[in-house]
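Chain letters run A, B, ... following the sequence lines, proteins first, then strands; residues in each count from 1.
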There are 2 protein chains.
Amino acid sequence: MADEALFEFLHMEIVSHVYKEQQSGKGEMDNKDRAVCVSVLEGMGFRVGQGLIERLTRDSPSFKDELDIMKFVCKDFWTKVFRRQVDNLRTNHQGTYVLQDNKFALLTQLSSGKQYLDQAPKYLAFSCGVVRGALSNLGLESVVTAEVSVMPSCKFQVVIQKL
Amino acid sequence: MADEALFEFLHMEIVSHVYKEQQSGKGEMDNKDRAVCVSVLEGMGFRVGQGLIERLTRDSPSFKDELDIMKFVCKDFWTKVFRRQVDNLRTNHQGTYVLQDNKFALLTQLSSGKQYLDQAPKYLAFSCGVVRGALSNLGLESVVTAEVSVMPSCKFQVVIQKL
């Protein structure tokens, strides 16, 4: 229990540190400040995702196609990082995927209900980076965004960048 | 495997981020800069340690004395956070404890041998904070330092602050 919590607590600390350092000396943060924070967290996530997928696929057979990779990310990878499988994976078969996690690990520490809904993006930037990093190491360049409409449920949208 | 690695990768990212931000725009870091980094990482660790021990001791019976608390930290707590027990616990029975971990989790990613020995303190500040935070929540204020003489073995010294 505490070992799962370790990642969650550490993640919370990082988010708060990155926002605090960006804010230091200023009153309110503007959109540009927030974008910097998101980008820093996303970058950290990217490198962590790369490292994790490398370990996780060391002994795996290679994947047969893009969908096969996405399924692996939704099952094995998600379980290792976020402790559950993605609940729902949808695709338009043209490189866009929507991964829905109904109880996203990094949101469960926040109170559900609408009151913290505007805070949610802070806590998703790192994870978007993790997914993008994992896919990148598997040969898929992508843009990953996330949205929350009801806590702690979360939808990640992955758009694969074709060459 | 990847789930253990998650904490380690994330920890690496934080260390590198904190040092990079402190260094930005300067050439070399001086001792004061390094002290700031250590203090930031130690503070993060402190809060994470507090959170973890709170979860871990929720259903535990209370402890009978200081040594009993230290033993709990060396066994249960260490296992949850650093994935093994402390190898050796020594005390002078006057509030000073030395915890030796012969294969410290957050050093195993660094190459052993002497070449990175001077880098080791960067990777121990967070953990010192974790230990101090855990003890603080159990009612013991302490000063925690760490030293490495041979990688990846590490000695933590805990000095309990008597009132």
Side-chain angles (χ1 to χ4, degrees), chain A residues 1-22 24 36-37 39-60 72-73 75-84 105-106 109 125-127 129-130 133-134 137, chain B residues 1-22 24 36-37 39-60 72-73 75-84 105-106 109 125-127 129-130 133-134 137:
Chain A
M1 198 178 73
D3 38 352
E4 303 158 1
L6 180 57
F7 168 54
E8 286 155 31
F9 284 130
L10 189 50
H11 176 263
M12 283 287 198
E13 281 299 319
I14 295 168
V15 173
S16 111
H17 175 77
V18 167
Y19 275 75
K20 217 185 298 170
E21 89 189 84
Q22 188 64 24
S24 74
V36 170
C37 293
S39 155
V40 167
L41 291 168
E42 210 268 348
M44 286 188 181
F46 183 80
R47 288 180 294 275
V48 170
Q50 283 189 311
L52 288 175
I53 199 81
E54 204 168 295
R55 293 218 183 177
L56 203 55
T57 54
R58 199 159 29 183
D59 309 310
S60 297
F72 181 83
V73 167
K75 289 187 182 175
D76 301 65
F77 185 72
W78 215 264
T79 308
K80 285 290 180 191
V81 184
F82 304 119
R83 290 181 289 116
R84 55 199 315 279
L106 295 178
Q109 289 203 340
F126 177 82
S127 304
V130 167
N137 248 33
Chain B
M1 196 178 72
D3 36 354
E4 305 159 359
L6 179 58
F7 167 54
E8 286 155 31
F9 283 129
L10 189 49
H11 176 262
M12 283 289 197
E13 281 300 318
I14 295 168
V15 172
S16 110
H17 174 76
V18 168
Y19 275 76
K20 219 186 296 170
E21 90 190 84
Q22 188 65 24
S24 73
V36 170
C37 294
S39 156
V40 166
L41 291 168
E42 210 268 349
M44 286 187 180
F46 183 80
R47 289 180 294 276
V48 169
Q50 284 189 311
L52 287 175
I53 200 82
E54 205 168 295
R55 294 220 181 175
L56 202 57
T57 54
R58 198 158 32 183
D59 309 310
S60 297
F72 181 82
V73 167
K75 288 186 184 175
D76 301 65
F77 184 72
W78 216 264
T79 308
K80 284 290 180 193
V81 184
F82 305 119
R83 290 180 290 116
R84 56 198 315 278
L106 295 179
Q109 290 204 339
F126 176 82
S127 304
V130 166
N137 247 35

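With chain B as the partner, the residue from Thr79(A), Ile14(A), Val130(A), Leu10(A) showing the most heavy-atom pairs under 4.5 Å is Leu10(A).
For the pair Arg55(B) and Phe9(A), the minimum side-chain heavy-atom distance is below 4.5 Å. Between Glu13(B) and Val48(A), some side-chain heavy-atom pair lies under the 4.5 Å cut-off. Here the side chains of Glu21(B) and His17(A) are in contact, with some heavy-atom distance below 4.5 Å.
Of the atoms belonging to Val40(B), it is side-chain heavy atoms, and not backbone ones, that fall under 4.5 Å from chain A. Heavy atoms closer than 4.5 Å to chain A are found in the side chain of Phe126(B), but not in its backbone.
Nearest heavy atom pair, residue Val81(A) against residue Leu6(B), reads O-CD2, 3.8 Å.
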